[in-house]
Amino acid sequence: VSFETEPDQTRWTGPSYEYTWTIDVLDPEESVTYTLEASYWPLLVIILVLIGIGYLLYVRFRSVRIVKEVKEGPGRKQTIHLSVKNNTGARLEQVAVEDFVPGVATLIRKFDGKEPDTINDTDDGTEMVWHMDGMNPEEERIITYTIEPKVQVEGAVSLPSATVHY
């Protein structure tokens, strides 16, 4: 809040402030004007930031989450774990998980759990798609498969993110 002329007294009266100006003498037909300016930009910015944070939290925690984890296996093999969790709060009828193994690694076509519904070998690597018929709220499924790097690599092979469609 800014004033053209500062008030003589400012008092908090609960939900608002009361400003008082003292006028010494005011002759007939004479007037005094005081201007009070209130800027609501800071309040608007705070509200917009809170709405943005709320939206990001909603999207982050109310969607299907997929986490890809690579663990060292026996020899040069690496085990990939895809954790898919339904955080939407609703049952999802059709969920598809897509993952890609780049050409620097070979997919070991022996699966511990659900096999991919589609495996497509391309010049760049191997595409895989798993279809899930329904996921309840808060349900989590783990997809596991194994790869073997074609060349000796220090640490884990760099893999692209898996995606989920629902």
Side-chain angles (χ1 to χ4, degrees), residues 1-72 78-102 104 113-114 116-118 120 122 124-145 154-166:
V1 176
S2 63
F3 304 95
E4 188 176 300
T5 304
E6 289 295 320
D8 297 322
Q9 182 182 7
T10 302
R11 185 169 57 119
W12 174 251
T13 60
S16 62
Y17 283 98
E18 183 179 288
Y19 301 102
T20 307
W21 288 267
T22 305
I23 302 171
D24 293 332
V25 177
L26 190 59
D27 294 329
E29 304 291 324
E30 187 179 17
S31 66
V32 175
T33 303
Y34 290 97
T35 304
L36 169 74
E37 267 185 35
S39 175
Y40 294 102
W41 277 110
L43 179 61
L44 180 63
V45 168
I46 289 170
I47 290 171
L48 290 175
V49 166
L50 290 175
I51 289 171
I53 290 171
Y55 177 75
L56 290 175
L57 289 173
Y58 177 80
V59 168
R60 167 72 173 100
F61 293 108
R62 300 301 286 180
S63 62
V64 176
R65 178 183 56 100
I66 186 164
V67 176
K68 185 174 192 174
E69 191 175 16
V70 180
K71 294 186 178 178
E72 295 295 323
Q78 296 174 338
T79 303
I80 313 301
H81 297 276
L82 302 176
S83 171
V84 183
K85 185 171 183 183
N86 178 6
N87 291 324
T88 64
R91 179 173 169 76
L92 300 174
E93 295 305 323
Q94 296 293 324
V95 179
V97 176
E98 297 178 3
D99 202 8
F100 183 76
V101 177
V104 297
K114 179 174 173 46
D117 296 301
T118 306
N120 185 21
T122 69
D124 297 326
T126 305
E127 299 170 343
M128 296 173 289
V129 179
W130 290 264
H131 295 284
M132 299 177 212
D133 294 329
M135 282 186 78
N136 292 319
E138 302 304 315
E139 182 178 353
E140 183 172 11
R141 296 192 188 172
I142 307 295
I143 297 171
T144 304
Y145 65 90
E154 282 291 320
V157 172
S158 177
L159 299 173
S161 299
T163 56
V164 62
H165 303 279
Y166 55 97

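Residues: numbered from 1 along the sequence shown.
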Q: Show the numbers, then the answer: is there a side-chain contact (heavy atoms from CB on, under 4.5 Å) between I143 and V97?
A: CA-CA 9 Å; I143 297 171; V97 176; 4.1 Å; yes
Q.
Working note: T122 + F100, criterion side-chain contact (heavy atoms from CB on, under 4.5 Å); need CA distance, chi angles, decisive distance, verdict.
A. CA-CA 10 Å; T122 69; F100 183 76; 4.0 Å; yes
Q: Apply side-chain contact (heavy atoms from CB on, under 4.5 Å) to I142 and E140, showing your working.
A: CA-CA 7 Å; I142 307 295; E140 183 172 11; 4.1 Å; yes
Q) Could you walk me through whether T79 and T144 pass the side-chain contact (heavy atoms from CB on, under 4.5 Å) check? A) CA-CA 7 Å; T79 303; T144 304; 3.4 Å; yes
Donor-acceptor pairs under 3.5 angstrom involving side-chain atoms of residues 124-131: please list them, not counting sequence neighbours.
{"residue": "T126", "atom": "OG1", "partner": "D121", "partner atom": "OD1", "Å": "3.1"}
{"residue": "E127", "atom": "OE1", "partner": "N120", "partner atom": "ND2", "Å": "3.2"}
{"residue": "W130", "atom": "NE1", "partner": "K114", "partner atom": "O", "Å": "3.1"}

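Residues passing the salt bridge (charged side-chain N to carboxylate O under 4.0 Å, His left out) test with R62, sequence neighbours excluded: none. Every residue two or more places apart in sequence or in another chain that forms a salt bridge (charged side-chain N to carboxylate O under 4.0 Å, His left out) with E138 is listed here: K85. Remark: D99 pairs with K68, Y145 by the side-chain hydrogen bond (donor to acceptor under 3.5 Å, both in side chains) rule, at least two apart or across chains. Contacts of R91 classified as side-chain hydrogen bond (donor to acceptor under 3.5 Å, both in side chains), with partners at least two apart in sequence or in another chain: E93, N136.
Here CG of L159 is found 12.5 Å from CD of E69. Values are rounded to the nearest 0.5 Å. Here the CD1-CG distance, from I46 to L50, works out to 7.5 Å after rounding to the nearest 0.5 Å. Here the CG atom belonging to L48 is positioned 15.0 Å from the OH atom belonging to Y55, to the nearest 0.5 angstrom. Rounding to the nearest 0.5 Å gives a distance of 7.5 Å between OG of S31 and CG of L26.
The salt bridge (Lys or Arg N to Asp or Glu O under 4.0 Å) pairs that include a residue from residues 13-25 are R11-E18, where partners are two or more places apart or lie in different chains.
Across every non-hydrogen atom of W21 and D8, the tightest pair is C-OD2, 3.4 Å. Between E30 and V25, the shortest heavy-atom contact is OE1-O, 4.3 Å. Contact detail for P102 and P160: the closest heavy-atom pair is CD-CD, 4.0 Å. T163 and I66 get closest at one heavy-atom pair: O-CD1, 4.1 Å.
Of the options V49, I53, I47, a side-chain contact (heavy atoms from CB on, under 4.5 Å) to I51 is made by I47 and by none of the others.
S63 and N87 are not linked by any side-chain donor-acceptor pair at a separation below 3.5 angstrom, with hydrogens and angles left out of the test.
Contact check for V84 versus M132: side-chain heavy atoms found under the 4.5 Å cut-off. No side-chain heavy atom of L82 sits under 4.5 Å from any side-chain heavy atom of V67.
In Y17, the OH atom is not crowded: 12 or fewer heavy atoms of neighbouring residues, nucleotides or ligands sit closer than 6.0 Å. Residue-environment remark: CH2 (W41) stays at or below the threshold of 12 foreign heavy atoms within 6.0 Å.
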